[in-house]
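Predicted model only: the values in this text are computed from it and were never measured. Throughout, residue positions are numbered sequentially from 1 according to the sequence presented. Numbering of ligands and ligand atoms starts at 1, following listing order.
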Amino acid sequence: MMPRWIPAAVILIFAAAVPALLCASDAEAITRGKKALETRAFVPAPWPFAAYENVWKYWEPKRERAPGNYAEAFREHYGLHQAPFDNGKYPMGMRPGKLFVLDGITTDCMLCHGGSILGKSYVGLGNASLDIQGFFEDFNRAAGIGRKLPHTFSNVRGTSEAGAMAVFLHSFRNPDLSIRIDRHKWELRDDLCEDVPAWWLLKKKKTMYHTGGANARSVRSIMQFMLTPNNSLATFAKEEAAFKDIQAYILSLEAPKYPFPVDAKLAETGRKLFIKNCAKCHGTYGEDWTYPSKVIPLKEIGTDPTRFYGLPTKLGEFYNESWFAKEKPDGYKSMETAGYQAPPLDGVWATAPYFHNGSVPTLYQVLNSKTRPRIYTRSFQTSEADFDKKKVGWQVRILDETPKNGIAFDRRKIYDTTQPGRGNMGHTFGDDLNEEQRRAVIEYLKTL
Ligand code: HEC
Ligand code: HEC
């Protein structure tokens, strides 16, 4: 008779091997996703290589010759960052690609989703420096296509009109993604002013985007960025596997740790205050973390309502009829929600400016609404000197009013919270704390 322990041992070994196998395939998907993001272009290349070399000719104010150390001057001019992986001569967010048979340069996800803090670049940190309006205008001109963009890409550096981009790109499609001759005449707004959420937060979320309007596990939803008219349904179907891998990689990302000393005792006081005042919306942290993935009704949160109301209902209806909503039998439908999602706060020290519209430059000002600056500018650089360690966020220079004149490049460096979509009101949950309590909560937030 076989000793009884053999089957038990076999079962044990087998049981141990199953999760190991699953992990190996997860790990492979993560590796493939990272590689796809770091090496592949998913949209055609609209510009010839020479556009990168020549684009400085369109910089304002005009200059006589290309700046020395061109790569660095270029990054600084547009708010791009050195890639933390090998990206040839280009900054993170740009890469070689193809337009039909022609080679040229194009952009990738990290144009917006590759940021820098304390001089260090991270894939998945929102790019809070990018001048996406100037970038596309200048490259179009350098490529001889003409400066005019089909809609506003951004009014302020570090933010984008991603909502209008989605409306515009979907408007050329039928639900089966075939191209329409007459595009849908949905309203193209220029006041939805969006800050880019950090990718490392996605793993905790059940719903995503600022209003929580999409299932956070939808792969097709994040393929919307590929919607330039040159990409056919066949291309979308072919690339879905790559985007599943990209999603696996995004879900594996971790927030960077606060690199300066933290007062542990003060942070512990802050943790208790956080549990009492903040955790019901933002969750709890540490090993046994919880996250409620809650959307807070507009009336209760009170932050700027423009983005919430700004996307046409027709777009949501169209999306739900289209290929995007059909990735599984019951679909991942776009949902109408009541307000804005309270995000997880992991790595929040690194993700200024705050709120869905990037209207508040520091954590201190999030927690003390009366001190939020009305009109301000900043360097849009990311070194230690540009970081406000005390208030935690960006150093800003306050202005009395928005200058009436001046070049567009400089005007986009000014955040004017009196403009539509850029309001800094609401979320007054920190106002009742006294200064000492507020300091303690900020100390705790540094540890997340
Ligand atoms: C033009 C800038 C831009 C580009 C390029 C871009 N994104 Fe985004 N992304 C955004 C903005 C802005 C949001 C927030 C949108 C919202 O909530 O309305 C966002 C949201 C997301 C989210 C949801 C995050 C969350 O927690 O809610 C994911 C995931 C994402 N993008 C993935 C991608 C991928 C993958 C690519 C490349 C294929 C990409 N994005 C390209 C700007 C961009
Ligand atoms: C009733 C729910 C609720 C409570 C209570 C609450 N928050 Fe929030 N919080 C939100 C929502 C919703 C947002 C997003 C608002 C927006 O983007 O318009 C937010 C945004 C934030 C942000 C900005 C995040 C980012 O990346 O832009 C920080 C920081 C923050 N909250 C900290 C706190 C702290 C600290 C407390 C406790 C003192 C707190 N919150 C209490 C709902 C809440």
Side-chain angles (χ1 to χ4, degrees), residues 33 36-37 40 42-43 93 107-114 124 126-127 130 132 136 153-154 159-163 165-166 192-205 207-214 216 218-219 221-226 239 242-243 246-247 249-251 270 273-282 292 294-298 300-305 307-308 310-311 339-345 347-349 351-360 362-363 365-367 392-393 423 425-433 437-438 441-442 444-445 448:
L37 268 179
R40 294 198 48 205
F42 291 97
V43 288
T107 54
D108 61 37
C109 309
M110 280 84 82
L111 187 73
C112 303
H113 288 283
N127 187 355
L130 177 67
I132 193 171
F136 273 85
F153 281 22
S154 165
T159 68
S160 65
E161 295 292 328
M165 287 176 201
L192 304 188
C193 195
E194 298 198 59
D195 181 53
V196 183
W199 272 349
W200 59 75
L201 302 175
L202 192 66
K203 58 168 141 351
K204 283 192 174 178
K205 292 180 175 176
T207 55
M208 64 177 177
Y209 302 137
H210 293 306
T211 58
S218 169
V219 171
S221 180
I222 56 176
M223 297 178 75
Q224 292 180 77
F225 169 77
M226 280 179 59
E239 298 296 10
F243 274 78
I246 287 174
Q247 184 192 59
Y249 175 61
I250 292 176
L251 295 175
L273 288 162
F274 187 89
I275 298 283
K276 195 158 153 239
N277 295 290
C278 323
K280 69 170 178 174
C281 294
H282 291 290
K294 256 203 244 177
V295 170
I296 309 304
L298 199 59
E300 188 180 350
I301 188 69
T303 49
D304 191 290
R307 163 66 181 82
F308 177 78
L311 290 181
Y340 294 114
Q341 181 162 341
L345 299 176
V348 73
W349 71 270
T351 65
Y354 299 106
F355 295 157
H356 69 275
N357 58 3
S359 58
V360 178
T362 67
L363 286 176
Q365 292 149 346
V366 167
L367 298 179
V392 184
M425 63 290 237
H427 194 290
T428 50
F429 310 111
D431 285 7
D432 293 336
L433 302 172
Q437 292 171 323
R438 210 171 275 128
V441 171
I442 293 171
Y444 174 62
L445 292 176
L448 303 185

Examine His282 and say whether one of its N/O/S atoms is closer to atom 8 (Fe) of ligand 2 than 2.8 Å.
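So His282 does bind atom 8 (Fe) of ligand 2 by this criterion.
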
Are any of the side-chain nitrogens in Arg40 or Glu239 under 4.0 Å away from the carboxylate oxygens of its partner?
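Yes, Arg40 and Glu239 are salt-bridged.
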
Nearest protein heavy atom with distance in Å, relative to [atom]:
{"atom": "atom 29 (C) of ligand 1", "value": "Ile222 CG2, 3.4 Å"}
{"atom": "atom 17 (O) of ligand 2", "value": "His356 N, 2.8 Å"}
{"atom": "atom 5 (C) of ligand 2", "value": "Asn277 O, 3.4 Å"}
{"atom": "atom 37 (C) of ligand 1", "value": "Cys109 SG, 1.8 Å"}
{"atom": "atom 13 (C) of ligand 2", "value": "Pro343 CD, 3.8 Å"}
{"atom": "atom 6 (C) of ligand 2", "value": "Phe429 CD1, 3.3 Å"}
{"atom": "atom 3 (C) of ligand 2", "value": "Cys281 SG, 2.8 Å"}
{"atom": "atom 34 (C) of ligand 2", "value": "Cys278 SG, 3.4 Å"}
{"atom": "atom 2 (C) of ligand 1", "value": "Cys112 SG, 1.8 Å"}
{"atom": "atom 22 (C) of ligand 1", "value": "Tyr209 CE2, 3.8 Å"}
{"atom": "atom 15 (C) of ligand 1", "value": "Glu194 OE1, 3.1 Å"}
{"atom": "atom 19 (C) of ligand 2", "value": "His427 CD2, 3.3 Å"}
{"atom": "atom 32 (C) of ligand 1", "value": "Trp199 NE1, 3.4 Å"}
{"atom": "atom 11 (C) of ligand 2", "value": "Ile301 CD1, 3.4 Å"}

For [atom], state which one of [options] supplies the nearest heavy atom.
{"atom": "atom 14 (C) of ligand 1", "options": "Ala166, Pro197, Ser160, Gly114", "result": "Pro197"}
{"atom": "atom 25 (C) of ligand 1", "options": "Gln247, Lys205, Lys203", "result": "Lys205"}
{"atom": "atom 9 (N) of ligand 1", "options": "Arg307, His113, His210, Gln224", "result": "His113"}

Do Met208 and Ser221 come within less than 4.5 Å of each other through their side chains, counting heavy atoms only?
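SC-SC contact between Met208 and Ser221 confirmed.
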
May I ask you to check if ligand 2 and [X] share an N or O to N or O distance below 3.5 Å?
{"X": "Asp195", "value": "no"}
{"X": "Lys280", "value": "no"}
{"X": "Phe355", "value": "yes"}
{"X": "Gln341", "value": "no"}

For [X], counting its heavy atoms only, list the atoms of ligand 1 lying under 4.0 Å from any of them.
{"X": "Met208", "result": "23 (C), 25 (C), 27 (O)"}
{"X": "Phe243", "result": "38 (C)"}
{"X": "Ala162", "result": "12 (C)"}

When you measure from the side chain of Tyr354 to the backbone N and O of Val348, does any donor-acceptor pair fall under 3.5 Å?
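Such a contact is found between Tyr354 side chain and Val348 backbone.
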
Mode of [X] contact toward ligand 2 - side chain, backbone, both, neither (heavy atoms, under 4.0 Å):
{"X": "Leu363", "answer": "side chain"}
{"X": "Leu367", "answer": "side chain"}
{"X": "Leu273", "answer": "neither"}

Quick check on the 6.0 Å ring-centre criterion: do His356 and Tyr340 meet it?
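Ring-ring flag for His356/Tyr340: true, centres closer than 6.0 Å.
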
Is it true that Phe42 and Phe243 have ring centroids separated by less than 6.0 Å?
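So the answer is yes for these two rings.
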
Which value, rounded to the nearest 0.5 Å, describes the distance between Phe429 atom CZ and Ile301 atom CD1?
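Reported value, rounded in 0.5 Å steps: 4.0 Å.
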
For Lys294 and ligand 2, answer yes if some heavy atom of the residue is under 4.0 Å from a ligand atom, otherwise no.
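Per 4.0 Å heavy-atom rule, Lys294 does not contact ligand 2.
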
Region of Ile132 that comes within reach of ligand 1 [heavy atoms, distance under 4.0 Å]
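Within the 4.0 Å criterion, Ile132 contacts ligand 1 through side-chain atoms alone.
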
